[in-house]
Amino acid sequence: MLHQAWQLYGRWCRWSSPFIHLLTLTVVTFGVLTPLICHRLLHSYFYLRRWHLNPMSQEFLEQNQQEGQAALRYFEKLQIPNASKASGSDAFQPLLLVTIITVQRRNDFHYVLQVASHFHRLLQKCGARCRSHRILLCNVESDPSSHEDVRLLSSFFPMVSRDKTGENPDPRVNQFEKEKQDYIFCLEQSLLTYNPEYVLIVEDDAVPEEEIFAVLQHLLLARFSKPYLRDALYFKLYHPERLQRYFNPEPMRILEWLGLGMFLGPMLNCVYSWATGRPSLSWPIVLFFALYSMALSELVGRHYMLELRRLAPTLYNIVPVTECCTPAMLFSAPSARRVLGYLKGLHCRQGFAKDIALYSLLRTKGENAYVVEPNLVRHVGMYSSLRLNDNPKLL
């Protein structure tokens with residue numbers, strides 16, 4: 001018995017053994033290489049929060065402040081067109097209306113200027129393909145004239161304002177309910193002012209990615225023609241990176257994760273067989289590489305895997321939505337009208353903000369909604385308009 005055990009040990013533990021190869025690969029990958037490579041990746045399990053979070057948060061704030069100043073200079077140098085008043089009298093119906101909803105925030109970051117400058121530049125760059133797109137500013141500051149950045153932007157973009165100056169505040173309207181009412185106002189005004197086919201409601205701290213209009217063009221003209229997408233209540237263009245991991249109670253993510261293992265397992269087995277001169281397929285080794293690739297993709301971060309989809313608009317994924325958050329929401333005109341009717345019947349409060357209210361409609365009204373992956377906007381606002389925080393962090 002001891003002799004047989006020794007023979008088995010010798011067969012498994014010699015340097016040419018697959019067991020030693022795969023054990024070495026596992027130790028080197030997860031014990032050496034990925035911790036060294038990924039310790040600064042914010043959304044990786046290997047991220048060294050204690051070392052990097054504070055300096056990275058400070059660096060982000062400083063860079064964002066510089067981008068705010070750059071956006072201010074962008075509009076100061078821009079030639080002023082005659083577009084200060086919103087009018088629904090345009091002869092044509094826009095395919096897409098981008099509505100930027102904004103309130104007064106810290107002036108030194110100029111969040112709304114960052115968002116507006118990026119959208120303006122990208123529309124210019126898009127050229128003829130985006131002639132059917134328009135931008136609308138929706139100022140929901142209680143005293144609209146106090147919003148300094150919007151006063152500057154009103155020279156360049158049409159604008160609507162929710163003026164509540166002089167009104168007595170309703171004690172039943174908490175900050176979450178006010179945010180919902182502001183959202184309703186902007187969505188309603190978007191439909192009334194331009195009657196577009198689609199409305200993209202963007203919060204004033206959601207900076208668009210460079211490829212946003214190319215991807216939206218593909219989605220609107222090709223993907224959304226499918227019946228199950230055509231009738232969706234809304235499409236989210238942003239989901240927090242920290243919530244994009246595979247290890248979540250979401251069936252589609254688990255299926256995607258398993259599919260990744262089923263694809264990479266046999267492929268890596270073929271590479272291993274070619275490198276070692278072994279038979280082309282061994283199911284135990286296929287299983288190992290499937291689990292290896294699944295573990296590696298989760299620990300490094302699904303967010304970074306999703307970034308590969310930016311190579312082409314056709315690679316973007318559309319999957320069932322989850323509840324958080326609303327920096328960028330796309331509605332068709334019919335679905336926007338349904339949302340308005342639904343939201344007017346709901347009262348928001350702490351723990352039931354507008355994003356959760358919208359998500360609750362999927363269950364109570366039998367609607368469907370989806371999220372586009374990877375994100376088409378970057379959420380840059382570390383200073384929230386709802387929650388006071390003097391020392392914000394990236395996580």
Side-chain angles (χ1 to χ4, degrees), residues 75 78 80-104 111-113 115-124 126 129-147 149-165 167 178-206 208 212-213 216-217 220 224 233-235 237 326-344 354 358 377:
F75 284 110
L78 201 61
I80 298 176
N82 185 20
S84 61
K85 292 185 179 180
S87 171
S89 60
D90 286 353
F92 95 116
Q93 178 188 26
L95 172 65
L96 176 68
L97 177 66
V98 179
T99 298
I100 304 172
I101 180 171
T102 180
V103 293
Q104 178 70 42
Y111 287 131
V112 69
L113 296 185
V115 175
S117 64
H118 275 75
F119 271 115
H120 184 269
R121 179 180 59 80
L122 292 174
L123 269 182
Q124 301 298 313
C126 185
R129 289 179 303 151
C130 297
R131 283 179 183 166
S132 58
H133 302 348
R134 292 290 182 271
I135 297 176
L136 176 68
L137 286 177
C138 185
N139 181 9
V140 294
E141 183 65 28
S142 298
D143 178 8
S145 62
S146 68
H147 197 330
D149 286 343
V150 165
R151 288 208 304 269
L152 171 61
L153 291 176
S154 65
S155 301
F156 302 96
F157 302 106
M159 183 181 68
V160 292
S161 298
R162 190 175 185 218
D163 193 345
K164 288 197 149 191
T165 308
E167 292 185 16
K178 180 188 179 301
E179 186 189 41
K180 185 212 75 176
Q181 292 181 6
D182 292 341
Y183 207 81
I184 289 174
F185 171 80
C186 292
L187 188 53
E188 206 163 36
Q189 289 298 312
S190 299
L191 296 174
L192 290 173
T193 304
Y194 280 101
N195 190 30
E197 293 183 45
Y198 291 91
V199 182
L200 173 58
I201 301 287
V202 180
E203 295 176 5
D204 60 2
D205 56 358
I212 187 170
F213 287 121
L216 285 176
Q217 193 84 355
L220 298 180
F224 287 177
L233 189 63
Y234 59 83
F235 296 91
L237 304 190
T326 59
M329 304 282 284
L330 181 65
F331 304 89
S332 67
S335 71
R337 294 185 179 94
R338 297 204 306 275
V339 166
L340 287 172
Y342 293 152
L343 287 180
K344 287 176 181 178
K354 71 178 189 300
L358 282 166
V377 300

### Message
Assess the residue pair Asp149 and Tyr111 against the criterion (side chain to side chain contact (heavy atoms under 4.5 Å, CB included)); give the C-alpha distance rounded to whole Å, side-chain angles, the decisive distance to 0.1 Å, and a yes or no.
### Response
CA-CA 9 Å; Asp149 286 343; Tyr111 287 131; over 6 Å; no

### Message
Using the rule given for side chain to side chain contact (heavy atoms under 4.5 Å, CB included), can you reason through Gln124 versus Cys130, listing the C-alpha separation, both sets of side-chain angles and the distance that settles it, and then say yes or no?
### Response
CA-CA 8 Å; Gln124 301 298 313; Cys130 297; over 6 Å; no

### Task
Report the C-alpha distance between Lys354 and Glu203 in whole Å, list the side-chain angles of each, state the deciding distance to 0.1 Å, and finish with yes or no for salt bridge (Lys or Arg N to Asp or Glu O under 4.0 Å).
CA-CA 13 Å; Lys354 71 178 189 300; Glu203 295 176 5; 3.0 Å; yes

### Task
Please assess Asp204 against Ile101 for the test side chain to side chain contact (heavy atoms under 4.5 Å, CB included), listing each intermediate value before the final yes or no.
CA-CA 6 Å; Asp204 60 2; Ile101 180 171; over 6 Å; no

### Query
So Leu340 and Ile184, side chain to side chain contact (heavy atoms under 4.5 Å, CB included) or not? Walk me through it.
CA-CA 6 Å; Leu340 287 172; Ile184 289 174; 3.8 Å; yes

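In this structure, His147 contributes its side chain and Val103 its backbone to a donor-acceptor pair below 3.5 Å. Put simply, the side chain of Asn139 gets close to the backbone of Pro144: a donor and an acceptor are under 3.5 Å apart. Judged by distance alone, with hydrogens and angles left aside, the side-chain atoms of Arg151 form a donor-acceptor pair with the main-chain N or O of Ser145 at under 3.5 Å.
The closest side-chain heavy-atom distance from Phe185 to Cys138 is below 4.5 Å. Glu141 has its side chain out of reach of Val150: every pair of non-hydrogen atoms, C-beta onward, lies at least 4.5 Å apart. The side-chain heavy atoms of Leu191 and Leu97, taken from C-beta on, include no pair separated by under 4.5 Å. For the pair Leu216 and Leu330, the minimum side-chain heavy-atom distance is below 4.5 Å.
Under 4.0 Å is where a charged nitrogen must lie from a carboxylate oxygen, and between Glu188 and Lys344 at least one such pair does.
Leu153 contributes atom CG, which lies 7.5 Å from atom CD1 of Ile100 (distance to the nearest 0.5 angstrom). Put simply, CG on Leu200 and OG1 on Thr99 are 8.0 Å apart, with the number rounded to the nearest 0.5 Å. Between the CZ atom in Arg162 and the CD atom in Gln189 there is a gap of 10.5 Å [rounded to 0.5 Å]. In this structure, Leu136 CG and Ser190 OG are separated by 5.0 Å, a value rounded to the nearest 0.5 Å. In this structure, CG in Leu358 is found 6.5 Å from OH in Tyr183, a value given to the nearest 0.5 Å. Taking CG from Leu96 and OG from Ser132, the interatomic distance works out to 7.5 Å, rounded to the nearest 0.5 Å.
Scanning both residues, Ser146 and Gln104, for their nearest heavy atoms gives O-OE1, 3.1 Å. Heavy-atom minimum distance, Phe213 versus Val98: CE2-CG2, 4.4 Å. For the residue pair Tyr194 and Pro158, the shortest heavy atom distance occurs at OH-CG, 3.2 Å. Here the shortest heavy-atom pairing between Ala333 and Pro196 reads CB-O, 3.4 Å. Contact detail for Val199 and Leu187: the closest heavy-atom pair is CG1-CD1, 4.1 Å. Heavy-atom minimum distance, Leu152 versus Phe75: CD2-CB, 4.0 Å.
Counting heavy atoms of neighbouring residues, nucleotides and ligands inside a 6.0 Å radius, atom CZ of Arg121 exceeds 12 of them.
For His120 and Phe156, the distance between ring centers is not under 6.0 angstrom. In summary, the aromatic rings of Phe331 and Phe235 are positioned with their centroids too far apart to meet the 6.0 Å limit.
Partners of Glu197 according to the salt bridge (Lys or Arg N to Asp or Glu O under 4.0 Å) rule, which considers only residues two or more places apart in sequence or in another chain, do not exist here.
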